[in-house]
Trainee: 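If you scroll down you'll find the structure; I have some questions about it.
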2 protein chains.
Amino acid sequence: MTEARPTGDELVEMLAALANPLRLRIVATLATGRDYVSHLARVIGVSRPLMHMHLQRLEAAGLIVGSLELSEDGKAMKYYEVTDFDLRLTASALAVAARSLTSHDPDKGHAPKESS
Amino acid sequence: MTEARPTGDELVEMLAALANPLRLRIVATLATGRDYVSHLARVIGVSRPLMHMHLQRLEAAGLIVGSLELSEDGKAMKYYEVTDFDLRLTASALAVAARSLTSHDPDKGHAPKESS
DNA sequence: TTTATATGTAAGAATCCTCTTACAGGTGAA
DNA sequence: TTCACCTGTAAGAGGATTCTTACATATAAA
């Protein structure tokens with residue numbers, strides 16, 4: 001187990017990264033082996049800038065990692081691969097993660113009276 | 001295990017529902033026991049219409065269920081409680097779920113040439 | 001009747017997300 | 001030089017999310 005226990009904020013970021021059909025498909029594709037962005041964009045059928053953005057989102061969440069390498073013919077290739085994350089989503093597990101959320105805003109008075 | 005294996009689309013909806021600090025806190029609170037929306041809004045510190053919206057989102061994803069009941073003094077109370085979902089998020093598990101995604105659009109030609 | 005509780009829902013603003021188009025740079029081969 | 005690859009990023013449109021305010025309903029108690 002590499003990804004021990006993410007904080008609430010980290011968990012939200014991970015879930016947000018995975019809560020997208022295209023990004024889910026990207027992770028699924030990378031699960032079968034590493035690949036570089038242009039090829040990945042072609043395989044999945046998406047424009048390269050769009051792929052680039054989604055890969056950044058997944059990497060920021062810690063679900064994939066990229067490394068810029070030089071191919072034999074000298075071209076710069078950015079290879080991505082999945083990290084070995086393992087998240088368990090149950091109500092009680094989420095309750096634990098929720099304790100470390102940093103979006104309380106206890107000062108800002110929400111919940112106005114709303115009396116009509 | 002109640003939630004056997006959601007489809008790709010269902011999984012995305014579940015993840016999207018959980019990928020929000022407030023909704024994560026709602027699930028965490030309901031994990032300690034059922035509650036009705038007005039009280040839940042007060043406890044968490046959010047306006048009731050906002051709580052209502054988030055509860056709908058969570059219920060649509062199948063993470064919570066609500067039941068409208070009549071209290072002793074005749075008031076209508078909508079109680080929500082968590083379902084016993086149990087999701088495992090690994091790269092290979094996501095790869096399985098991704099196969100049942102319904103957002104291919106194989107006709108619509110993405111990935112234009114983009115040659116400058 | 002008025003007050004307090006509960007429910008639902010609609011309209012609008014502000015913001016975030018998604019995606020395309022267009023530009024910048026680089027190397028190697030014809 | 002030109003073409004075919006690779007990389008990155010910025011601008012803008014369109015739509016989805018999030019949240020507030022405001023309205024509507026109902027019951028019980030003072």
Side-chain angles (χ1 to χ4, degrees), chain A residues 12-13 15-26 34-61 66-80 101 103-105 108-116, chain B residues 12-13 15-26 34-61 66-80 101 103-105 108-116:
Chain A
V12 167
E13 189 175 15
L15 295 175
L18 294 175
N20 177 281
L22 179 49
R23 285 195 292 268
L24 197 59
R25 202 171 290 122
I26 292 173
R34 48 186 263 142
D35 201 355
Y36 62 95
V37 356
S38 283
H39 186 247
L40 204 48
R42 255 178 269 124
V43 167
I44 295 189
V46 174
S47 72
R48 190 183 51 80
L50 184 58
M51 175 61 69
H52 182 267
M53 171 208 298
H54 284 303
L55 289 173
Q56 273 191 319
R57 202 116 150 61
L58 287 169
E59 187 173 34
S67 67
L68 189 68
E69 305 176 6
L70 287 181
S71 65
E72 297 179 352
D73 54 344
K75 281 179 194 146
M77 321 275 282
K78 183 136 194 188
Y79 278 91
Y80 280 96
L101 283 173
S103 51
H104 293 275
D105 293 32
K108 187 182 179 186
H110 278 128
K113 52 275 334 185
E114 187 228 337
S115 57
S116 59
Chain B
V12 167
E13 189 175 14
L15 295 176
L18 293 175
N20 177 282
L22 180 49
R23 285 195 292 267
L24 197 59
R25 203 171 289 120
I26 292 173
R34 48 186 263 142
D35 201 354
Y36 61 95
V37 357
S38 284
H39 185 248
L40 204 48
R42 256 178 267 123
V43 167
I44 295 188
V46 173
S47 72
R48 190 183 51 79
L50 183 58
M51 175 61 69
H52 182 266
M53 171 208 296
H54 285 303
L55 288 172
Q56 272 192 320
R57 202 115 151 58
L58 286 169
E59 187 174 32
S67 67
L68 189 68
E69 304 177 6
L70 287 180
S71 64
E72 297 178 352
D73 55 344
K75 281 179 195 146
M77 321 274 281
K78 185 137 194 187
Y79 278 90
Y80 279 97
L101 283 173
S103 48
H104 293 275
D105 294 30
K108 187 182 180 184
H110 278 128
K113 50 279 330 188
E114 185 229 336
S115 56
S116 58

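Chain letters run A, B, ... following the sequence lines, proteins first and then strands; every chain starts at 1.
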Trainee: Given D:dT20, C:dA6, C:dT7, identify the nucleotide with an atom nearest to the side chain of B:Lys75.
Mentor: C:dA6
Trainee: Rounded to the nearest angstrom, tell me the gap between atom NE2 in A:His39 and atom C1' in D:dT7.
Mentor: 16 Å
Trainee: Might you work through the side-chain contact (heavy atoms from CB on, under 4.5 Å) test for B:Asp35 and B:Tyr80, ending with a clear yes or no?
Mentor: CA-CA 6 Å; B:Asp35 201 354; B:Tyr80 279 97; over 6 Å; no
Trainee: State whether B:Ser47 places a side-chain N or O below 4.0 Å from either non-bridging phosphate oxygen (OP1 or OP2) of D:dC19.
Mentor: no
Trainee: State which of C:dG8, D:dT20, D:dT27 makes the closest approach to the side chain of B:Lys78.
Mentor: C:dG8
Trainee: Counting only side-chain heavy atoms from C-beta out, which of C:dA6, C:dT9, C:dC19 sits nearest to B:Gln56?
Mentor: C:dT9
Trainee: Return the value, rounded to whole Å, for the distance between atom CG of A:Asn20 and atom C1' of C:dC16.
Mentor: 13 Å
Trainee: Show me the donor-acceptor pairs, under 3.5 Å and distance only, between side chains in residues 69-77 of chain A and residues at least two apart or in other chains.
Mentor:
from	atom 1	to	atom 2	distance (Å)
A:Glu69	OE1	A:Arg34	NH2	3.0
A:Glu69	OE2	A:Arg34	NH2	2.8
A:Glu69	OE2	A:Ser67	OG	2.9
A:Ser71	OG	A:Asp73	OD1	2.4
A:Ser71	OG	A:Lys75	N	3.2
A:Ser71	OG	A:Lys75	O	3.3

Trainee: Using heavy-atom distances to pick each residue's nearest nucleotide on DNA chain C, tell me which of A:His54 and B:Tyr80 is more 5'.
Mentor: B:Tyr80
Trainee: Write down the distance between CG (B:Leu68) and C1' (D:dT25), rounded to a whole number of angstrom.
Mentor: 13 Å
Trainee: Measure the CG-CG distance between B:Leu24 and B:Leu18 for me, rounded to the nearest 0.5 Å.
Mentor: 6.5 Å
Trainee: Starting at atom CG of A:Leu50, determine the distance to atom P of D:dA11, rounded to an integer number of angstrom.
Mentor: 18 Å
Trainee: Using the closest heavy atom to pick a nucleotide of DNA chain C for each, name whichever of A:Glu72 or A:Arg23 lands nearer the 5' end.
Mentor: A:Arg23
Trainee: Whole angstrom is fine here: how far is it from CG in A:Leu58 over to C1' in C:dT18?
Mentor: 14 Å
Trainee: Could you state the atom-to-atom distance from CG of B:Asp35 to C1' of C:dT7 in whole Å?
Mentor: 15 Å
Trainee: Less than 3.5 Å apart, which donor and acceptor atoms pair up between the side chains of residues 50-57 of chain B and the rest of the protein, not counting sequence neighbours?
Mentor:
from	atom 1	to	atom 2	distance (Å)
B:His54	ND1	B:Arg23	NH1	3.0

Trainee: Would you indicate which nucleotide in D:dC19, C:dA6, C:dT21 comes nearest to any side-chain atom of A:Pro49?
Mentor: C:dT21
Trainee: Counting heavy atoms from C-beta on, name the nucleotide in C:dA6, D:dT9, D:dT7 closest to the side chain of B:Ser38.
Mentor: C:dA6
Trainee: Measure the CG-CD1 distance between A:Leu40 and A:Ile26 for me, rounded to the nearest 0.5 Å.
Mentor: 6.0 Å
Trainee: Which nucleotide wins on minimum distance to the side chain of A:Arg48, given the candidates C:dA6, C:dT20, D:dG8?
Mentor: D:dG8
Trainee: Of the listed nucleotides (C:dT9, D:dG8, C:dA6), which one gets closest to any side-chain atom of A:Val37?
Mentor: D:dG8
Trainee: Report the distance from atom CE of B:Met53 to atom P of C:dT9, rounded to the nearest whole Å.
Mentor: 12 Å
Trainee: How many Å lie between CD1 on B:Ile26 and P on D:dC19, as a whole number?
Mentor: 10 Å
Trainee: Is any side-chain heavy atom of A:Val12 less than 4.5 Å from a side-chain heavy atom of A:Leu101?
Mentor: yes
Trainee: Does a side-chain N or O of B:Tyr36 approach OP1 or OP2 of C:dA6 to a distance below 4.0 Å, or not?
Mentor: yes
Trainee: Name the closest nucleotide to the B:Arg42 side chain, picking from C:dT5, C:dT18, D:dC19.
Mentor: C:dT5
Trainee: Just call it for B:Leu70: base, sugar-phosphate, or nothing, with non-hydrogen atoms closer than 4.0 Å on any strand.
Mentor: nothing
Trainee: From the list D:dA28, D:dT18, D:dT20, which nucleotide is the closest neighbour of the side chain of B:Asp73?
Mentor: D:dA28
Trainee: Heavy atoms only, 4.0 Å cut-off, all strands: where does A:His52 land among base, sugar-phosphate and nothing?
Mentor: base
